[in-house]
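Whatever order the structure lists them in is the order used to number ligands and atoms, beginning at 1.
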Amino acid sequence: MINVETASAIDQKEVEVLIVGIPDHPENVEGFDAFVESFHPSLPDWIKSHDIQQKFKAITKMPALSEKSYDRVYFVGVGNQKQLTEQPLRELFAEVGKQLHKDRVRTVSVWTAPFCNDEIDSEDVAFLASEGIGMGSYTYEGFKTSSNEVDVPLTTVTFITTEDEERVTAAGEVGMISAHAVNEARTLVNVPPNLLTPTKMAEYARELAESYDLEIDILGKAEMEELGMGAILAVNQGSVEEPKLIVLKYQATEQWEDVIGLVGKGITYDTGGYSLKPKDGMVGMKGDMGGAAAVLGAMAIIGESRPKKNVIAVIASSDNMISGEAFKPDDVITSLSGKTIEVLNTDAEGRLVLADAVTYAKQAGAEYLIDVATLTGGVIVALGHDKTGTLTNNKAFYKKFQEAADETGEFIWQLPLTESDRKRIRKSDVADVNNSPGRDGHMIFGGGFVGEFVGDTPWIHLDIAGTSDAASPHALGPKGATGVMVRTLATFVERLAAEAEQQE
Ligand code: BES
Ligand code: ZN
Ligand code: ZN
């Protein structure tokens, strides 16, 4: 993880790069005149002539023109400083992070004043810049043997501030923890499926549990058979890889009460099973454990920040393969809840493993539930690649989640789940529910199916099929896994904890 430090003046710290924001009116930034004097008296002219750009996010690089504590300056366009808000600032620093990584920079200072206004102080800048730089500088190296590019990691970000240094450092560290968790989730998704099996994911979770002192339970096939987890077992039937139900508990209060359950889809590879995916549709299905990665990332943040809220994470992990033993359309299976399921489509496997995971979470004490899954292609048709589709059975619970998403800048959008949708999920001649009522509006059927196992427990469903993977570089990172929902899940739990403490 990238180190965070602070200093009260630019010249206190030797770094490779100094970041200087250039807003529309740099002369209003406190300390700007002094900077001009030390850097070069012509700086205002260069800004006026647009040799140094003021346009939002534009980066102009210059060497230090005399012996300084920095080798180079990256001038970053801020635009209207007074109207700067959190998400654009996060994205601005992600752009800086990308550039720093490209230029193989190890040490950087960020002078906070040019990014501050009435709403945003140095602590906010430190948090947002750390998140942004941390996420923006991420890359996944892969396994290229011919690559002669040695990855040079950024080691330290120093914030130059005249405000309370301890608090600014702390805020920066919180941002780095958040970015690091996102990046870990991204890597889990980016790792190829021959390497990230359910067993490997369970090992990863075990290490996480050790690092953060979380309770962990890992159920294998035998334990699932004993409990009667017929849905996840059916999905796993065609596989040579053992399924794993990964259960992490973070206990914050004496009593195991008021527990929130985070449930993740952890399909390490989705071929579709006998309802086989076409060859082009199969590529990329290593990412079908994006929900699991989001939950693990959130647990890392929770493990660090230790909010006063009990959390259980349940991850249902398997791959979805074909063989003589695989499950097939027309099969009827009995889930952990006792509900029977008619399988109409083996490619609708996510809702099956989630059904058992949600039931397990409830039995283990969860009184609130959030499931996260790369569940349907339907959500991509409906909302594209930058909006996570959601369902809920509880408006008040959802409203609080929306506030957390607003805080992190991760866009979510609710779709309706109606009685007529439920009817179609319950329509079967041979079982209680069917796993594929149709292709029309099928994001709703995917989540709605999970809802059948949730019952009245306040619940939110997050379909991240469109947002978990990016086909090209985006504002906060490179192409590939995005680590979406890591920050919102953790922020939501932290907000619930803060709310509960206020009521005490
Ligand atoms: N893992 C897929 C959903 C998916 C699609 C994720 C594209 C990421 C990108 C899921 O298991 C699936 O195959 N869903 C089917 C459901 C259908 C059979 C009812 C789908 O979306 O087509
Ligand atoms: Zn599928
Ligand atoms: Zn799937």
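- Each of the following atoms of ligand 1 lies closer than 4.0 Å to a heavy atom of His442: 20 (C), 21 (O), 22 (O).
- Between atom CG of residue Asn320 and atom CG of residue Asp288 there is a gap of 8.5 Å, rounded to the nearest 0.5 Å.
- Looking at heavy atoms from C-beta onward, Arg106 lies in side-chain contact with Val152 at the 4.5 angstrom threshold.
- Formation of a donor-acceptor pair under 3.5 Å by the His385 side chain with backbone atoms of Gly466 is found in this model.
- Ring centers of Phe492 and Phe397: under 6.0 Å apart, within the cut-off.
- The side-chain heavy atoms of His180 and Glu184, taken from C-beta on, include a pair separated by under 4.5 Å.
- Here the N, O or S atom of Asp270 that is nearest to the Zn ion (ligand 3) is OD2.
- Residue contact check for ligand 1: Arg351 places a non-hydrogen atom closer than 4.0 Å to it.
- The nearest N, O or S atom of Lys265 is closer to the Zn ion (ligand 3) than 2.8 Å.
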Practice task
Assess whether ring pair (Phe, Tyr, Trp, His ring centres under 6.0 Å) is satisfied between Phe93 and Phe115, documenting all intermediate values.
Solution key: CA-CA 11 Å; Phe93 279 107; Phe115 303 101; 4.8 Å; yes
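- For ligand 1, none of its N or O atoms has an N or O atom of Asn345 under 3.5 Å away.
- Judged purely by atom type and a 3.5 angstrom limit, Thr392 uses its side chain to pair as donor or acceptor with the backbone of Trp459.
- Of the possible donor and acceptor atoms, none in the side chain of Gln251 sits under 3.5 Å from a partner among the backbone N and O of Asn310.
- Among the atoms of Asp288, no N, O or S atom falls under 2.8 Å of the Zn ion (ligand 2).
- Residue contact check for ligand 1: Met443 places no non-hydrogen atom closer than 4.0 Å to it.
- Under 4.0 angstrom from ligand 1, the non-hydrogen atoms of Asp347 come from both its backbone and its side chain.
- Looking only at protein heavy atoms, the nearest one to atom 10 (C) of ligand 1 is Leu375 O, 3.2 Å.
- The Zn ion (ligand 3) sits nearest to atom OE2 when only the N, O or S atoms of Glu349 are considered.
- Listed for the Thr374 side chain is no donor-acceptor partner under 3.5 Å among the backbone atoms of Ala465.
- Counting atoms of ligand 1 from 1 in the listed order, those under 4.0 Å from a heavy atom of Lys265 are 1 (N), 10 (C), 11 (O).
- In this structure, the side chains of Asp258 and Lys309 come closer than 4.5 Å at one or more pairs of heavy atoms.
- Among the atoms of Thr376, none of the N or O lies under 3.5 angstrom from an N or O of ligand 1.
- Between Tyr398 and Phe401, the ring planes are tilted. Angles from 30° to 60° get that label.
- The residue among Met289, Met285, Lys277, Glu349 with a heavy atom at the shortest distance from atom 7 (C) of ligand 1 is Met285.
- The Arg439 neighbourhood of ligand 1 comprises atoms 17 (C), 22 (O), with distances under 4.0 Å to a heavy atom of that residue.
- Of the protein's heavy atoms, Asp270 OD2, 3.6 Å lies nearest to atom 2 (C) of ligand 1.
- Contact between Ser436 and ligand 1 is present, with at least one heavy atom of the residue lying under 4.0 Å from the ligand.
- Looking at ligand 1, you'll find an N or O of Gly377 within less than 3.5 Å of one of its N or O atoms.
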